[in-house]
Amino acid sequence: MSFVKGLKCRECGREYSIDPIYVCEFCFGPLEVAYNYEEIGKVLTRKKILSRPLNLWRYKELLPLDKEPEEGQNTGFTPLIKAGNLAKILGIDELYIKDDTVTHPSLSFKDRVVAVALAKAKEFGFDTVSCASTGNLAHSVSAQGARAGLKRFIFIPASLEPSKIIASLVYEPNLIAVDGNYDEVNRLCSEVANKYRWAFVNINIRPFYAEGSKTQGYEIIEQLGWRAPDNIVVPCASGSLLTKIWKSFKEMNDIGLIDNVKTRVFAAQATGCSPIVAAIQQGIDVIKPVKPDTIAKSLAIGNPADGFYATQVIQQTKGFGEHVSDSEIIEAIKLLAKTEGVFAETAGGVTLASTIKLIKKGYIKKESRTVICITGNGLKTQEALGGHTVSPHHIKPNMKSFEEVLKKIKSKDR
Ligand SMILES: *Cc1c(COP(=O)(O)O)cnc(C)c1O
Ligand SMILES: [Zn+2]
């Protein structure tokens, strides 16, 4: 079934066979999966996709697996919500939320990449999976790895949100909490990966793992009626999701399922960790690493592995980038909830708040069609909202007490 040609260096183009490797031996460039698009175009039709179950294997010809795996049956095909209430407030005609806060087993888009990574790890014959995580990856590998019957070593910064730590621990992985930030955790994991024969989903099998992000893009195209949006706003940590969404749009065009793609791709980051947006705003493609300091911990990668490629995509598509403060993130989480009924984690607040700025500055035009990627569920980062929500109305268990409160509420007209 596989249409994979092999791995290819993104820098020098040198080709490699399919193995758990991720850097080019000659130039140290990152490796990427290469496909035979001509053959895929002959077999993959809209009709065939529409006939398949609503999960990420709908687009299996465009994923790097040899056969359809048991993993991931409950992952993917999240809703695309037409956000009329929010669009009105933002002053634009057409806005959609790609809602990756629901449907997935661990309630974030990371389940897409993990489903592909674990399936590939099994094909390679690994019995242990591992990762360096900013939170959601830990949750997803813990959960999906449990079901897949794999041993799990999960490395996180010890300072992660308590709710994300519990969300991982319930599946009983070996959770290693490191006194350091994500970039330090990642460096340690590279050393561990050299010594132990484990599948590190975002290190030695990263080329395969990263391909899972493309499924978000395919779904958006299918759900928009087989066309790409005019604008897409993507939250960035390593920058991988942004580059893969762009790759997915181009692939759909390459295999003849959609017309030419004219989408402008926009990056969203938190001010306390915005190395990609900083490069974009300065008009350069050199990423200057930063020390993260933001409530958007899932995006807190100071030295983003795909930062350079993300800036290339943004420049090529005439997009831009915005960064937002912690208080703007909280306000945007609340706005999304009260207008569209979607409860996003801090990364979702980053995306919406950045979108608001992009509209104000004229980068996103009123009459264009915009998709924003809301990538994780708000139940995972409730701490961030502490003291920032409205309060409950406390009453005694009788009618009198209730009606007193009701009067107060009505006088405020809420
Ligand atoms: C990991 C993550 C992202 C972005 O990831 P990339 O490393 O840029 O691919 C976005 N949103 C959430 C909620 C995440 O957990
Ligand atoms: Zn190379």
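Atoms within each ligand, like the ligands themselves, are counted from 1 in listed order. Note that these values count all heavy atoms, side chains included, but never hydrogens, waters or copies made by symmetry.
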What does the contact table look like for ligand 1 (nitrogen or oxygen on each side, cut-off under 3.5 Å)?
from: ligand 1; atom 1: 7 (O); to: S238; atom 2: N; distance (Å): 2.8
from: ligand 1; atom 1: 7 (O); to: S238; atom 2: OG; distance (Å): 2.6
from: ligand 1; atom 1: 8 (O); to: A237; atom 2: N; distance (Å): 2.9
from: ligand 1; atom 1: 8 (O); to: S238; atom 2: N; distance (Å): 3.2
from: ligand 1; atom 1: 8 (O); to: G239; atom 2: N; distance (Å): 2.9
from: ligand 1; atom 1: 9 (O); to: L241; atom 2: N; distance (Å): 2.8
from: ligand 1; atom 1: 11 (N); to: T375; atom 2: OG1; distance (Å): 2.7
from: ligand 1; atom 1: 15 (O); to: K110; atom 2: NZ; distance (Å): 2.8
from: ligand 1; atom 1: 15 (O); to: N136; atom 2: ND2; distance (Å): 2.8

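- Screening I156, D179, V178, I176 for a side-chain contact (heavy atoms from CB on, under 4.5 Å) with V185, the sole residue that qualifies is V178.
- For the pair R10 and Y309, the cation sits on the ring face: its NZ or CZ lies under 6.0 Å from the ring centre, inside 45° of the axis.
- Below 30°, between 30° and 60°, or above 60°: for F124 and F208 the angle between ring planes is above 60°, a perpendicular geometry.
- Partner of S163 under the side-chain contact (heavy atoms from CB on, under 4.5 Å) criterion, out of Q382, E345, E383: E383 alone.
- Heavy-atom neighbours of E367 CD from other residues, nucleotides or ligands within 6.0 Å: above the threshold of 12.
- Pairs engaging residues 71-92 under the salt bridge (Lys or Arg N to Asp or Glu O under 4.0 Å) rule: E71-K122 [sequence neighbours left out].
- Closer than 2.8 Å to the Zn ion (ligand 2) sit the protein N, O or S atoms C9 SG, C12 SG, C24 SG, C27 SG.
- Evaluation of the side chain to side chain donor-acceptor pair (under 3.5 Å) test over residues 187-200, restricted to residues two or more places apart or in two chains, returns none.
- R14 forms a cation-pi arrangement with F26, by the criterion of a distance under 6.0 Å to the ring centre and an angle within 45° of the ring axis.
- The number of heavy atoms from other shown groups lying within 6.0 Å of CD (E184) is above 12.
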